[in-house]
Protein chains: 2
Amino acid sequence: MRNFAFILPMCLLLTSFARGQKPSDSSLTSVNLMPMPAHIERGSGTLAVDGSFSVALNGYSEDRLRRAVQRFGADLSKRTGVTFLNLNSDPSKAKLIVQTAAASKEVQDVTEDESYTLEITTSGAKLSAPNSLGSLHGLETFLQLVENSSSGFVVPAVTIHDSPRFVWRGLLIDVGRHFMPIPVLQRNLDGMAAVKMNVLHLHLSDYQGFRIESKKFPKLHELGSDGMYYTQAEIKDLLAYARDRGIRIVPEFDMPGHSTSWFVGYPDLASSPGPYSIERKFGVLDPAMDPTRDSVYEFLDTFIGEMAKLFTDAYFHIGGDEVNGKQWDANPKIQEFKRTHNINSNQELQAFFTARVQKIVAKHGKIMVGWDEILTPGIPQNIVIHSWRGPESLAAAAKQGYKGLLSNGYYIDLMFPASNHYAVDPMSGPAANLTPEEKQRILGGEAAMWSEYASPENIDSRIWPRTAAIAERLWSPQEIRDVNSMYARLSQISWRLDTLGLTHNSSYIPMLQRIANTQDVSALRVLADVLEPTKEYSREEFAKVPPTTLDPLNRLVDAVRPESEVARRFATQVDAFTSSQCKDDAAKNQIRSSLVHWQANDARLQPLLSSNQLLQEASSLSQSLATVSATGLQALDLIEKNQKPASDWKAQQIGVLDQAKKPTSAQLLLMIVGPVQKLTETAAGGGACAAP
Amino acid sequence: MRNFAFILPMCLLLTSFARGQKPSDSSLTSVNLMPMPAHIERGSGTLAVDGSFSVALNGYSEDRLRRAVQRFGADLSKRTGVTFLNLNSDPSKAKLIVQTAAASKEVQDVTEDESYTLEITTSGAKLSAPNSLGSLHGLETFLQLVENSSSGFVVPAVTIHDSPRFVWRGLLIDVGRHFMPIPVLQRNLDGMAAVKMNVLHLHLSDYQGFRIESKKFPKLHELGSDGMYYTQAEIKDLLAYARDRGIRIVPEFDMPGHSTSWFVGYPDLASSPGPYSIERKFGVLDPAMDPTRDSVYEFLDTFIGEMAKLFTDAYFHIGGDEVNGKQWDANPKIQEFKRTHNINSNQELQAFFTARVQKIVAKHGKIMVGWDEILTPGIPQNIVIHSWRGPESLAAAAKQGYKGLLSNGYYIDLMFPASNHYAVDPMSGPAANLTPEEKQRILGGEAAMWSEYASPENIDSRIWPRTAAIAERLWSPQEIRDVNSMYARLSQISWRLDTLGLTHNSSYIPMLQRIANTQDVSALRVLADVLEPTKEYSREEFAKVPPTTLDPLNRLVDAVRPESEVARRFATQVDAFTSSQCKDDAAKNQIRSSLVHWQANDARLQPLLSSNQLLQEASSLSQSLATVSATGLQALDLIEKNQKPASDWKAQQIGVLDQAKKPTSAQLLLMIVGPVQKLTETAAGGGACAAP
């Protein structure tokens, strides 16, 4: 589910749609919560979080809740400096009572009530929930509410009735292409819990790697992983870690395609004779399981049985995407099988495979999930269609009675801004016209972190903070969609995630330093701060040599953030300035100050760029930053002096900007070009500040 | 070994001594190596590290070396962007041949040769070593040599003959007061290997915690650790991890004092009846083992036997420091024992204890190490005296035939600058007058990271980069002591350590954000960048309430660095300016720019400080930064205009500066006061820039 380009047009469409929206209650934007709760009412006053603060568990209790309160207390203690928080208070005296009505299910599932109510007054707080899941969510909400005040740390008086809009709020991490050690998964589970996500989808096998120990078929991990796989003991610990945080783990074993790593140890599974070796390149490749042989299904029966026991979740993802059929076409026995079984296409052949695998999955007590290719006539309805190719398949599946999940529009590896993902709604587009019953079948969605270009070092920066915007889309009411409010809260949740141990911010400077091979990267950072990686699959398309899993992922494109915060703020300032008819002096001064800084940077940076082979590809970008900034300063001067430019000025400058927009071999985009173009057009008299 | 004040005066003395030194060969300062090798000769030209680069192991080989080459290759690949480094080349074609003559010992020890020779020419490189330890060190040297150049990444042509000055180059980490999880130790082992340190000393038990699983006496870890301890399996893995990096692990179990955590589970070991609970406070406390009872020695025999098997190293540290004797004095049976055994003091009683423990340690095949209190008449010579109270005890021990280690002067928790530690030399002071044979007995030293105020989050920032300066002191020739060169190389090794996963830099901003409870900490950072924690034990002395192990360590003092790089550079600029008779305009402009920035910061920062209870204690420091900067700017104006100030100006300004120097309850020091005072005195006509 990687290599087509359905995503960009839809994102752009939805973004422009969402930009005009206002939140129904603008006072909400002052509440620093992400995701925004379903219902929130501000009271008056605040509750102090000081040495007198105490917590009590009341009603149903369990070790998981006690551990959650311990983590809550440790976080609160750090943030407020209070040493001896009483986390085991008498309920009649506690400042925060956590009132849990009952246990959640032994294996968390999609039917469970995750709601909670949090009532905070000036004298105390009560968190109540029908089961432990709601209590876990409510504790996270409380932590986000802690505010500074002149009288000490406080939480505002507030009444929150909260529950998720969708029951499936997932993050897919592709550990097949690049392995991610357990600590990477643990810290991302911490991040997910903070924004109330509840499914970690592990993409455990692909062409490039098989990432889990199989006791039944040990050559899977021994020969298919380069030694990088999870033991079953580690997975058990990880499941417990996730459950502690109200998170399910859904395993995916992609089949019949995306499966070269299986064939290294077990070539008889494949549709062409081996030998096979672990794939290093990316893309849609030929190897696929042989759907015509009983021995393949016997293997899968044993293997799925083993994994179904290990992974406790009710759902089991079998992939099913991107089979190009070439191995099938080239195999005379498979062609013969198609003829004798009246199978007229490779799609039908895959449907035959999927139907048999579904029976195996069901036999082992699991509900099958697969990418939208598996939606073919005759497949039983008790499966889940995971849409990656477009919202149409989600709606089509729901109409036909299938449950569905949306990942189309949530591919966070494609480097789109948070606002794009935020605008994607599982219930918009074709799904908007479904009946209420059909809509019920849309369970939610998953942010998808494919890992062609992700390492343990930079993956957090590809996931966070943008995934928090997707988490809000899947949790909060549909009408919560003010982009400015989202960004304001996103920058707050971002540092909170930092303190949980995520490295999305902290890995940035060390990566720049290693790339630069020197300590002082101040000038490099000025450039890197206004760059973004090119979008979608352009990195593959424009690569001089095909990328591989062995590439060190230490180019500038690997360090810069998917979304430039500096450029986004600059664009906001330019918008404020031009929409004020150029009267907003504060914005003007900030714009000038940035442009002066950027213009001067190239001279500071070039000595490094010209002496460092990894950075030479950024040389033209650094020059562009200077020339584009010069254009911006000229435009600002003209506007300030209320002066008409020479007749050919605009065309010249647009030429400069067009040049700066072109993607370079560095696979980086200079993100200030758009706002400078706006200034240029304004100065040329095309904008709102035309001379009177 | 924590609570006395021997260290500061000596450090100051030695620093002023070292400041006047020049390196014997000034060209060395351009080689970016830390520690500096024993002998280095620059050739001409460079060797390319590009796609043609390849490595071969030749001669003796082992898995450890192959793993080291893998790590070497991964690092080199990241830094140079070369994907397919050939790490298993034909020796006749390899660009780097690692020629190891023989295996090192199965259990690494202090008698082993750690030398290596690295010869790099324009056509290839050869690393040769008598055993694997030298090869490990040489690979680290090669990595540090990688430079940028306009033609690609290179290493300079160079011939290095290198070996350590001391055989024991250690880092003590106190995991007793604050537990440090395994990943913290692993990343610090990586850092140690990068600077060629070879001993990790784990202080495993103290009043506040017992940190290792005992199968013989499980109540030690079950009741003495709050659940925070290492399993024996984890220790075995850690020993292997350390050995892979040429590092020994020496365990310390502090006795008979510093032992409350033992008594929680086994009160009968103590000299006063229990019950005991895990200690939360710091300092020298009363609980001590009962040295008069055979059952105590039987317990220790079993326990030390268990630990002696687990920890493979030949040395076993039994602490032995800071017994205040109060429990002994209060126990009539112990008093009676002293009388009947003719023991006239508690020192003699401890000597009796130490002698018996030494027999136990020796029985289990280990050499005993202890803090300098254990040096008492009659103790066998086959022990090691670990000097914490002063260099005198080290020299005294050597004179009496004992081996010794220096940690006095290397207490990195006391927040002294790197230059102070760098100036401390095990062979200076009283040791300088030892005979060559006596000098041989000084094995080396250890940086000591006591953890009253260290958490997994900030401990790296207390250890690094300053410990690299100590590593150089213990590895490099005594005459390598140019402080400017050290600092230039320290800033380079610092980012290299970052990329190994150490968090000494990356934890800074997230900590500031959590303390500030907000995303934008730019103004707070300006202040924090010029602050340092108060030195030595002042944090204990001036605390309003006694600090405990439960304190959240989330005050500004916990986030700021032990040594302010910004203030140090500012001081260097002021030195350059005044020593140029105020003619150095570049320095002047930098000074002015900093002062203007600092003066304006208070107004930006106060809104945050006044609304955040954790930061209110920094309010006067922020004001001081503004007023001190104003003084500095006045001084600079006077100097620029060549103008004599009014007669009372100097006295007024010195008053301002004296005020700013006073320690505040925030336990922070404003580090720009000294340089501004220098400017002030210069302006007042007392300096080199007096008006003609």
Side-chain angles (χ1 to χ4, degrees), chain A residues 32 50 74-84 146-153 183 455 457 491-496 498-503 505-521 545 547-548 550-555 608 610-616, chain B residues 32 50 74-84 146-153 183 455 457 491-496 498-503 505-521 545 547-548 550-555 608 610-616:
Chain A
N32 181 23
D50 57 18
D75 188 321
L76 212 56
S77 176
K78 283 263 178 206
R79 283 173 66 201
T80 61
V82 175
T83 300
F84 295 100
V146 175
E147 290 174 1
N148 294 344
S149 88
S150 56
S151 62
F153 292 97
S455 69
E457 182 177 51
S491 76
Q492 293 298 324
I493 198 76
S494 182
W495 72 260
R496 292 269 304 133
D498 268 327
T499 63
L500 296 175
L502 286 158
T503 64
N505 290 319
S506 63
S507 64
Y508 183 53
I509 299 299
M511 285 190 76
L512 292 181
Q513 288 175 320
R514 190 184 50 215
I515 294 168
N517 201 30
T518 194
Q519 189 268 337
D520 180 3
V521 291
V545 289
T548 78
L550 302 176
D551 292 346
L553 298 183
N554 198 43
R555 293 168 61 198
L608 174 61
S610 63
S611 73
N612 179 297
Q613 207 165 32
L614 284 169
L615 288 171
Q616 278 167 7
Chain B
N32 180 23
D50 57 18
D75 189 320
L76 212 56
S77 177
K78 282 263 178 206
R79 283 173 67 203
T80 62
V82 175
T83 299
F84 296 101
V146 175
E147 290 174 0
N148 294 346
S149 89
S150 56
S151 63
F153 292 96
S455 69
E457 183 178 49
S491 77
Q492 293 297 326
I493 198 75
S494 182
W495 72 259
R496 293 269 303 135
D498 268 327
T499 64
L500 296 176
L502 286 158
T503 64
N505 290 319
S506 63
S507 64
Y508 183 52
I509 299 297
M511 285 191 76
L512 292 182
Q513 288 175 322
R514 190 185 50 216
I515 294 167
N517 201 29
T518 193
Q519 189 268 337
D520 180 3
V521 291
V545 289
T548 79
L550 303 176
D551 292 347
L553 298 182
N554 198 43
R555 291 167 61 197
L608 174 62
S610 63
S611 73
N612 178 296
Q613 205 163 33
L614 283 169
L615 287 171
Q616 278 168 8

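First the proteins, then the strands, lettered A, B, ... as listed; each starts at 1. All values reported here derive from a predicted model rather than from experimental measurement.
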Next item on the list: Among the options Ser491(A), Ser494(A), Gly501(A), pick out the one with the most heavy-atom pairs lying under 4.5 Å from chain B.
Entry: Ser491(A)

Note to self: I need the Met511(A) CE to Thr503(A) OG1 distance, nearest 0.5 Å.
What the structure shows: 9.5 Å

Next item on the list: Using atom types as modelled and distance alone, determine if a side-chain donor or acceptor of Asn554(A) lies under 3.5 Å from a backbone N or O of Ser77(B).
Entry: no

Item checked: Nearest heavy atoms of Ser506(A) and Leu502(A), plus distance in Å -> OG-O, 4.2 Å

Note to self: Taking side chain as everything from C-beta outward and backbone as N, CA, C, O, which of these in Ser151(A) sits under 4.5 Å from a heavy atom of chain B? Side chain, backbone, both or neither.
What the structure shows: backbone

Checklist line | Value rounded to 0.5 Å, distance of CG in Leu553(B) from OG1 in Thr83(A) | finding: 9.0 Å

Item checked: Interchain contact, Ser610(A) with chain B, by part (heavy-atom threshold 4.5 Å) -> backbone

Check: Do Leu614(B) and Arg514(B) pass the side-chain contact (heavy atoms from CB on, under 4.5 Å) test, and can you show the C-alpha distance, the side-chain angles, and the key distance before you say yes or no?
Finding: CA-CA 10 Å; Leu614(B) 283 169; Arg514(B) 190 185 50 216; over 6 Å; no

Checklist line | Max heavy-atom pair count under 4.5 Å with chain B, selected residue of Val521(A), Leu550(A), Leu615(A), Thr548(A) | finding: Leu550(A)

Note to self: If I measure from the heavy atoms of chain B, does Ala74(A) come under 4.5 Å with its side chain, its backbone, both, or neither?
What the structure shows: neither

Note to self: Has Gln513(B) got a side-chain atom pairing as donor or acceptor with Gln519(B)'s backbone, closer than 3.5 angstrom?
What the structure shows: yes

Check: When only pairs under 4.5 Å are counted, which of Thr518(B), Ile493(B), Asp520(B) shares the most heavy-atom pairs with chain A?
Finding: Thr518(B)

Item checked: Proximal component of Leu608(B), with respect to chain A [non-hydrogen, under 4.5 Å] -> side chain

Item checked: Proximity breakdown for Val146(A) and chain B, heavy-atom pairs closer than 4.5 Å -> both

Checklist line | chain A contact via Arg555(B) - which portion, at a heavy-atom distance below 4.5 Å | finding: neither

Next item on the list: Please determine, among Gln616(A), Arg496(A), Gln492(A), the option with the most heavy-atom pairs under 4.5 Å with chain B.
Entry: Gln492(A)

Margin query: Between Val82(B) and Leu76(B), is the side-chain contact (heavy atoms from CB on, under 4.5 Å) condition met? List the steps.
Written below: CA-CA 8 Å; Val82(B) 175; Leu76(B) 212 56; over 6 Å; no

Item checked: When Pro510(B), Ser455(B), Pro183(B), Ser150(B) are compared by non-hydrogen pairs under 4.5 Å with chain A, the top option -> Ser150(B)

Note to self: Checking the side chain of Asn612(A) only, and the main-chain atoms of Ala516(A) only, is there a donor and an acceptor separated by less than 3.5 Å?
What the structure shows: yes

Next item on the list: Could you tell me which of Phe153(A), Tyr508(A), Trp495(A) has the largest number of non-hydrogen atom pairs under 4.5 Å with chain B?
Entry: Trp495(A)

Note to self: Let me confirm one number: the CZ-CD distance from Arg79(A) to Glu147(A), rounded to the nearest 0.5 Å.
What the structure shows: 10.0 Å

Margin query: Given heavy-atom pairs under 4.5 angstrom as the criterion, report whether the side chain, backbone, both or neither of Thr80(A) touches chain B.
Written below: backbone

Notebook entry, point to check: In terms of heavy-atom proximity below 4.5 Å to chain B, should Ile509(A) be classed as side chain, backbone, both, or neither?
Noted result: neither

